Amino acid sequence: MELDLNKFTKVILDLDQIVLLLYQIINSNNRLIMKVVSSLKTLKVRDRNSQIVKRRGRLYVINKRNPRFKARQG
């Protein structure tokens, strides 16, 4: 019985790509992305719990109840 190594390696590479794609999809749901904008005024009024803070010379909008409203000026 002969094994064709080219086909075998191709199957392994295809499986690796599928696993990598699934890993990226799963992690993209858990990742919170911070918006970078030139003006924070409109992002501050999006939610009542948003606060503007200054850290290390940059202005940030933070929201502890809903972290998806994070933003940074710049």
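Below, all heavy atoms of this structure are taken into account, side chains as well, without hydrogens, waters or symmetry copies. Quick note: residue numbers are just sequence positions, from 1. The structure presented is a predicted model; accordingly, all values stated were derived computationally and were not measured.
- Looking at Arg72, Met34, Lys70, Arg55 one by one, the single match for side-chain contact (heavy atoms from CB on, under 4.5 Å) with Ile62 turns out to be Arg55.
- Transitive grouping of hydrophobic side chains (ILVMFWY, heavy atoms separated by less than 4.5 Å) brings Leu43 and Leu59 into a common cluster.
- Residue Arg46 places its CZ atom among more than 12 non-hydrogen atoms of other residues, nucleotides or ligands, all under 6.0 Å distant.
- Under the rule for a side chain to side chain contact (heavy atoms under 4.5 Å, CB included), Arg48 has no partner lying at least two apart in sequence or in another chain.
- Ile52 is not connected to Tyr60 by any chain of hydrophobic side-chain contacts under 4.5 Å among Ile, Leu, Val, Met, Phe, Trp and Tyr, and they are in different clusters.
- Side-chain atoms of Asn63 and Asn49 include no donor-acceptor pair closer than 3.5 Å.
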